[in-house]
Amino acid sequence: MSQRRGMPRFKSAKRDLPSLAYTKRGFSLKKDELGHLRLYLAGGVEVRPVWSRSLPSEPTSVRIYEDACGAWWVSFVVKVVPQPLPTTGKDIGIDWGVREIATTTDDDCDLAHPEYGKQAQKKLTRAQRKMARRKPKKGQAASVGYKLAKTQTAKVHQKVKRQRQDTGRKWAKKVVRQNDGIAVEDFRPKFLAKSTMARKAADGAISATKNELIFMAGKHLRDLRLVNPAGTTMECSECGAIAKHR
């Protein structure tokens with residue numbers, strides 16, 4: 001049976017990675033005799049997570065899942081506590097692009113294209129070729145070698161994703177710390193998927209960087225405005241400043 005457009009895909013237990021979700025009534029957080037915070041699930045299951053940070057508030061739900069690399073993660077839903085920053089009296093405008101991920105009205109806040117995906121392309125190609133050679137035939141179980149190559153491919157993708165996320169988060173934090181008002185082009189790069197710049201635009205992760213900036217501005221109570229990109233030009237209508245490149 002063909003899938004209708006707009007309908008969600010059926011999730012198969014054989015294809016999808018395992019995950020568990022609990023509401024507030026299905027889990028609890030308690031300290032053990034050594035003072036370590038443990039997660040207790042319904043049914044008497046105890047989980048000993050390695051905490052990357054302390055929880056800012058009481059969690060309302062939790063999700064435990066396995067990623068493509070075989071690692072298990074615990075994700076909590078919490079209320080973010082605002083952390084106001086001191087005022088600076090400065091404003092900034094941000095334009096998204098491909099040559100540079102972000103071109104701003106302050107040269108110190110421009111974000112160059114790091115090209116993490118391009119740097120990892122050699123390792124990714126090698127791992128994908130291993131997968132292609134060891135791919136099992138239809139109806140056969142996957143071999144150990146295929147699973148190993150699949151994990152190697154997932155690790156390369158995960159590293160690139162984390163590099164992009166780390167760069168975008170640090171840049172967003174810098175912009176928010178230095179400016180009270182932030183005007184951001186409400187850029188939706190879907191049209192770039194069919195252009196010659198599709199690979200480089202995807203490597204820049206513009207949407208992820210913009211989302212990090214929106215999150216940081218809300219967390220630190222900065223005034224962020226999304227500007228409709230339609231009708232904008234290279235020249236500023238207020239001060240007459242010209243963009244540094246097209």
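This chain uses plain numbering: 1 for the first residue, then up along the sequence. Values in this document were obtained by computation on a predicted structure and should not be read as measured data.
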(message) If only side-chain N and O atoms count, and only distance matters, is there a donor-acceptor pair under 3.5 Å linking Thr125 with Gln121?
(response)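 Yes.
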(request) Go through the side-chain N and O atoms of Asp180 and Thr88 and say whether any donor and acceptor fall under 3.5 Å apart. (result)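 Yes, side-chain donor-acceptor contact under 3.5 Å.
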Report yes or no: do [X] and [Y] belong to one cluster of Ile/Leu/Val/Met/Phe/Trp/Tyr joined by side chain heavy-atom distances under 4.5 Å?
X      : Y      : result
Leu221 : Ile92  : no
Val77  : Val80  : no
Ile64  : Leu37  : yes
Trp171 : Tyr116 : no
Tyr22  : Trp73  : no

Can you tell me if [X] uses its side chain to pair, donor with acceptor, with the backbone of [Y] under 3.5 Å?
X      : Y      : answer
Asp186 : Asn228 : no
Lys174 : Asp108 : yes
Glu185 : Trp96  : yes
His220 : Gln83  : yes
Arg164 : Ala205 : no

(message) Whether Lys170 and Asp166 form a salt bridge (side-chain N of Lys/Arg under 4.0 Å from carboxylate O of Asp/Glu) is what I want to check.
(response) yes
(message) If you count every heavy atom of other residues, nucleotides or ligands that lies below 6.0 Å from Lys159 atom NZ, does the total exceed 12?
(response)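 Check fails, neighbour count at 12 or below.
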If you compare all heavy atoms of [X] against all heavy atoms of [Y], which two are closest, and at what distance to 0.1 Å?
X      : Y      : result
Arg177 : Arg222 : O-NH2, 3.6 Å
Gln178 : Cys109 : OE1-SG, 3.4 Å
Asn179 : Val175 : ND2-O, 3.0 Å
Gly204 : Ile101 : O-CD1, 3.3 Å
Thr153 : Ala127 : OG1-CB, 3.3 Å
Glu115 : Asp203 : CA-OD2, 3.3 Å

(message) Tell me whether the rings of Phe27 and Phe76 are parallel (<30°), tilted (30 to 60°) or perpendicular (>60°).
(response) tilted
